[in-house]
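Report on one structure; see the data block that follows.
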Protein chains: 2
Amino acid sequence: MNRTRTARSGGPAGANLGVLRSHNTALVLGLLRDAGTEGISRLELAERTGLTPQAVSKITARLREEGFAAEAGRRASTGGKPRTVLRLVPEAGHAVGVHLDRDELRVVLVDLDGTMVGERHGELHLGAGAEAVLGAVCEAVEGLVRESLGETTGGGAGAGGAVAEGGDGGVSGVRDGGLAAGAGLGGVRSLLGVGVALPGPLDHAQGVLHRVTGFPEWDGFPLRDALAERLGVPVVVDKDTNAAALGLAVGGEEGAAGRSFAYLHLGTGLGAGLVFGGSVHRGARTGAGEFGHQVIQLDGPRCECGNRGCVEVLCLGAAARGEAAEAARVLGVAAGNLVGLLDIDVVLLGGRTVAAAPEAYVQGVGEVLDAQALREGASGGPVPVRIAPRGERVVAEGAAQLLLAPLFGRGDV
Amino acid sequence: MNRTRTARSGGPAGANLGVLRSHNTALVLGLLRDAGTEGISRLELAERTGLTPQAVSKITARLREEGFAAEAGRRASTGGKPRTVLRLVPEAGHAVGVHLDRDELRVVLVDLDGTMVGERHGELHLGAGAEAVLGAVCEAVEGLVRESLGETTGGGAGAGGAVAEGGDGGVSGVRDGGLAAGAGLGGVRSLLGVGVALPGPLDHAQGVLHRVTGFPEWDGFPLRDALAERLGVPVVVDKDTNAAALGLAVGGEEGAAGRSFAYLHLGTGLGAGLVFGGSVHRGARTGAGEFGHQVIQLDGPRCECGNRGCVEVLCLGAAARGEAAEAARVLGVAAGNLVGLLDIDVVLLGGRTVAAAPEAYVQGVGEVLDAQALREGASGGPVPVRIAPRGERVVAEGAAQLLLAPLFGRGDV
DNA sequence: CCACTTTGGCAACGCTGTTGCCAAAGTGCA
DNA sequence: TGCACTTTGGCAACAGCGTTGCCAAAGTGG
């Protein structure tokens with residue numbers, strides 16, 4: 001039907017009217033979301049998008065008809081007819097985010113706004129075998145969805161309607177595929193799909209795992225398709241750090257939209273999620289963000305990866321010895337390398353190790369970056385360092401955004 | 001006139017029919033260029049872009065009418081009417097690339113194809129003062145253009161026609177501004193503009209220099225506007241490494257289009273140009289690519305930047321001592337950090353230091369990356385290392401691409 | 001109460017890529 | 001040599017996008 005989609009194989013894509021329409025619709029939807037409960041007027045939308053007011057009127061009329069947007073009062077008059085305020089209808093769509101870690105499972109259900117409306121959390125051993133893990137995930141997801149959204153509750157408009165059409169997202173599309181109607185969660189109309197985030201190296205585009213560190217039995221497992229078939233809804237898979245970064249890019253405070261940052265995660269290992277201009281940088285093979293095995297001490301102590309002087313062994317080693325200040329200094333040097341190389345706006349820190357002594361890390365990393373900026377006379381001052389918001393839910397909520405983000409035109413998920 | 005352009009201030013941009021048209025036109029033009037002298041048929045264009053054959057026919061008809069494309073024979077029949085082959089008309093447009101280095105000046109003139117059709121090269125001291133430098137640049141540019149293109153030679157279609165319209169490129173637009181008609185090079189119709197590449201930190205978007213290392217008198221100098229006013233054509237300014245990277249992204253051998261790579265330049269200093277998915281990554285403040293002051297030896301020898309253990313001081317120090325192998329090993333470690341962090345496809349090496357012992361560097365860096373890939377069991381094997389093509393002209397030719405690339409829809413120059 | 005300002009919908013429009021159709025230009029077999 | 005068949009690619013009509021011109025609706029201010 002839509003040739004634009006079929007011809008996509010890495011090459012550049014031509015755009016037709018359908019693509020144009022969904023692009024602009026996604027843009028408007030994104031601004032509606034960013035406006036939150038406060039809402040935004042048609043004319044403001046026109047100004048921000050560069051579209052004419054009339055075009056915005058047509059687009060918002062469609063969105064209202066489909067249930068994604070609604071009128072919400074009006075602004076004060078400035079001497080003429082007051083502007084009508086529009087807002088997103090958060091209940092018109094939902095997405096599930098799954099955080100699959102080495103020893104625990106967290107499942108959240110969020111609405112279009114990104115607000116969490118349900119959660120499940122428990123222990124789970126990743127090495128327990130595919131069948132057991134998949135079963136646990138499916139049970140948690142289905143239970144949570146049915147509990148929160150009911151059996152066939154529509155919530156609002158039909159998901160997967162006009163909005164995502166023609167988009168180039170990586171959504172699997174299994175939903176429309178050869179699956180018996182009514183199977184799994186296919187009946188829950190407002191459910192857009194399930195995003196899954198987990199550690200190991202993997203292929204985001206295909207949804208296939210490579211070598212989850214320490215669990216060789218997952219090597220080559222087609223997680224996306226396996227889950228999509230069981231659940232009957234689209235599934236997207238990504239690295240945990242990428243999901244977290246996406247979540248932070250979307251819901252970031254003070255205008256993170258369109259900005260660039262690095263999310264450094266200190267947990268069992270040390271990884272990074274990179275966001276440039278609002279979209280997650282995954283690299284050619286979803287391998288970007290290998291921050292922990294950056295060498296910062298030539299011929300330094302041996303790391304378990306086989307190399308010498310990696311940040312991970314230096315930083316986490318110091319942290320394990322209780323030397324948070326030294327760990328922060330080492331992390332700061334590596335972060336400085338990254339900041340200089342990529343010219344980002346902010347560094348966000350997260351993960352268990354950081355949570356144990358947040359102030360020490362923010363200060364320690366900040367000092368190194370400040371000194372660097374001072375030396376270079378950087379325009380705009382030093383790059384700020386902050387603790388990433390949302391704490392332990394950052395990955396799961398970001399995973400849900402793997403499904404939501406394409407609707408809003410942010411990032412090329 | 002075009003609201004799309006006025007509303008752009010960092011935020012997302014709505015698209016109208018004009019944007020759609022120029023997007024598709026640029027796409028087709030890009031494929032025509034990539035096809036080279038061999039040409040490409042309408043149906044192939046349709047397949048590659050995802051547009052319908054009829055849409056391609058309309059677009060190519062416009063391009064032929066405007067002089068940018070022409071028919072060039074036909075393919076062998078496969079049982080029906082043979083396909084007509086189309087090709088780019090290189091003479092329909094030209095761009096000047098200026099490489100302004102600390103002690104020399106190189107100016108090249110290239111056609112739409114990127115083929116060099118003229119060159120000037122000489123010594124120039126960057127510290128000689130703005131007036132002297134600008135004068136020398138303008139003299140070289142004007143002399144080269146008039147010598148190669150003549151006083152008012154059209155070459156082909158009018159530059160700046162329907163193609164770039166509605167595009168969001170950073171082209172200055174001074175040409176249409178408040179300049180007396182016929183001033184400078186405004187009369188040379190096929191000339192799209194001048195791209196200037198130089199070392200120091202600078203602001204690509206505004207075309208303003210920051211602190212060219214060692215030449216404080218350039219701090220804050222509005223190079224783009226100053227040159228645009230003198231020459232009477234659009235001017236774009238960028239860092240030398242970015243320009244080189246752009247040039248390599250465009251003219252790269254074996255399908256560099258859409259790929260990701262890092263260009264490491266070892267000259268007076270050590271810098272990098274990054275290309276992700278075919279577009280140059282400049283970062284928030286055109287500061288990306290600060291590769292040389294990456295710390296790879298905690299508390300190592302002091303670098304002139306004030307920090308300790310930077311790659312630059314270690315690598316170039318070893319090179320100065322004649323220890324190319326050690327320099328390559330150090331460079332390899334830093335390159336490995338970069339490759340792991342960004343998951344790129346290729347590493348390209350260039351610059352005087354590398355040119356002195358190319359094999360040693362390719363082998364030394366390659367060994368480090370191979371070992372890293374082996375340890376990680378990287379899918380797809382190790383990242384290849386190669387010498388960047390084009391030698392000493394890489395920056396100047398890339399600078400010219402600052403003007404050409406927007407026409408072809410590659411990168412967001 | 002009326003002049004004025006501002007919002008935002010209706011209708012006509014221009015332009016995009018798309019679809020249906022068919023002439024043109026080949027091959028291949030009788 | 002002729003005819004059936006395949007493939008290319010232009011012409012014309014079309015659907016749908018954002019745009020423009022116009023005007024009713026809904027406020028403020030004197």
Side-chain angles (χ1 to χ4, degrees), chain A residues 1-7 13-28 39-47 49-65 69 71-86 162-163 165-166, chain B residues 1-7 13-28 39-47 49-65 69 71-86 162-163 165-166:
Chain A
M1 285 177 88
N2 191 341
R3 296 194 49 139
T4 309
R5 195 178 302 191
T6 49
N16 55 21
L17 291 176
V19 171
L20 186 71
R21 170 177 160 148
S22 34
H23 172 84
N24 287 339
T25 305
L27 225 54
V28 168
I40 186 171
S41 73
R42 288 176 180 80
L43 288 175
E44 270 181 278
L45 286 170
E47 213 173 319
T49 57
L51 296 170
T52 58
Q54 191 55 230
V56 170
S57 277
K58 285 190 180 178
I59 292 169
T60 53
R62 273 202 307 268
L63 288 175
R64 281 191 300 154
E65 203 173 324
E71 297 197 344
R74 37 188 58 185
R75 288 269 162 75
S77 166
T78 60
K81 177 174 177 175
R83 300 184 173 182
T84 311
V85 173
L86 300 170
V163 176
E165 209 166 296
Chain B
M1 284 177 85
N2 190 341
R3 297 194 46 139
T4 309
R5 194 177 302 189
T6 50
N16 54 22
L17 290 176
V19 171
L20 186 73
R21 170 179 162 150
S22 33
H23 172 85
N24 288 338
T25 305
L27 225 54
V28 168
I40 185 171
S41 73
R42 288 178 180 78
L43 287 176
E44 270 181 278
L45 287 170
E47 211 173 322
T49 56
L51 297 170
T52 59
Q54 191 54 231
V56 171
S57 276
K58 284 190 181 179
I59 292 169
T60 54
R62 272 203 307 268
L63 288 175
R64 282 192 299 154
E65 202 172 324
E71 298 198 342
R74 37 188 59 183
R75 288 268 162 75
S77 167
T78 60
K81 177 175 177 176
R83 300 183 173 183
T84 310
V85 173
L86 300 170
V163 177
E165 208 166 299

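When reading the values below, keep in mind they use all heavy atoms of this one structure, side chains included, and skip hydrogens, waters and symmetry mates. Letters go in sequence order (proteins before strands), and every chain restarts at 1.
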Item checked: Nucleic acid footprint by protein, nucleotides 24-30 of chain D - heavy-atom cut-off 4.0 Å, B for base, S for sugar-phosphate alone -> -BBBS--

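Taking the side chain as every heavy atom from C-beta outward, A/Thr25 and A/Arg21 approach each other to under 4.5 Å. Between B/Thr49 and B/Asn24 there is no side-chain heavy-atom pair separated by less than 4.5 Å. At least one side-chain heavy atom of B/Ile59 sits less than 4.5 Å from a side-chain heavy atom of B/Leu51. At a threshold of 4.5 Å between non-hydrogen side-chain atoms, the residues A/Leu17 and B/Leu20 count as touching.
Within the nucleic acid shown, A/Leu86 has no heavy atom closer than 4.0 Å to any nucleic acid atom. Across all strands, B/Thr84 comes closer than 4.0 Å only to sugar-phosphate atoms, never to a base (heavy-atom distances).
Listed pair B/Ser57 / D/dG9 fails the phosphate criterion, with no side-chain N or O lying under 4.0 Å from OP1 or OP2. OP1 or OP2 of D/dG18 lies within a sub-4.0 Å distance of a side-chain N or O belonging to A/Asn24.
Between the C1' atom of C/dT18 and the CD1 atom of B/Ile59 lies a distance of 12 Å, rounded to the nearest Å. For B/Leu51 and C/dT18, the CG to C1' distance is 11 Å, given to the nearest whole Å. C/dG8 atom C1' lies 10 Å from atom CD of A/Glu71, rounded to whole Å.
In this structure, B/Glu65 has no salt bridge (charged side-chain N to carboxylate O under 4.0 Å, His left out) partners at least two apart in sequence or on a different chain.
Nearest nucleotide to the B/Asn16 side chain, out of D/dG10, D/dC17, D/dT19: D/dT19. Taking the side chain of A/Arg42 as heavy atoms from C-beta on, and the options C/dT18, D/dG9, C/dG8, the nearest nucleotide is C/dG8. Between D/dG10, C/dT16, D/dC17, one nucleotide has an atom nearer to the side chain of A/Leu20 than all others, and that is D/dC17.
Look at A/Arg75 and A/Glu44 and you find a salt bridge, because one of the NZ, NE, NH1 or NH2 atoms lies within 4.0 Å of a carboxylate O, short of that distance.
Comparing B/Val85 and B/Lys58 against DNA chain D, the residue whose closest nucleotide sits nearer the 5' end is B/Val85.
Side-chain to base pairing of B/Gln54 with D/dG10: one donor and one acceptor N or O lie within less than 3.5 Å of each other.
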Margin query: Please evaluate residues B/Glu71 and B/Arg64 with respect to the criterion side chain to side chain contact (heavy atoms under 4.5 Å, CB included), reporting the C-alpha separation (whole Å), side-chain torsions for both, the decisive distance (0.1 Å), and the verdict.
Written below: CA-CA 8 Å; B/Glu71 298 198 342; B/Arg64 282 192 299 154; 3.2 Å; yes

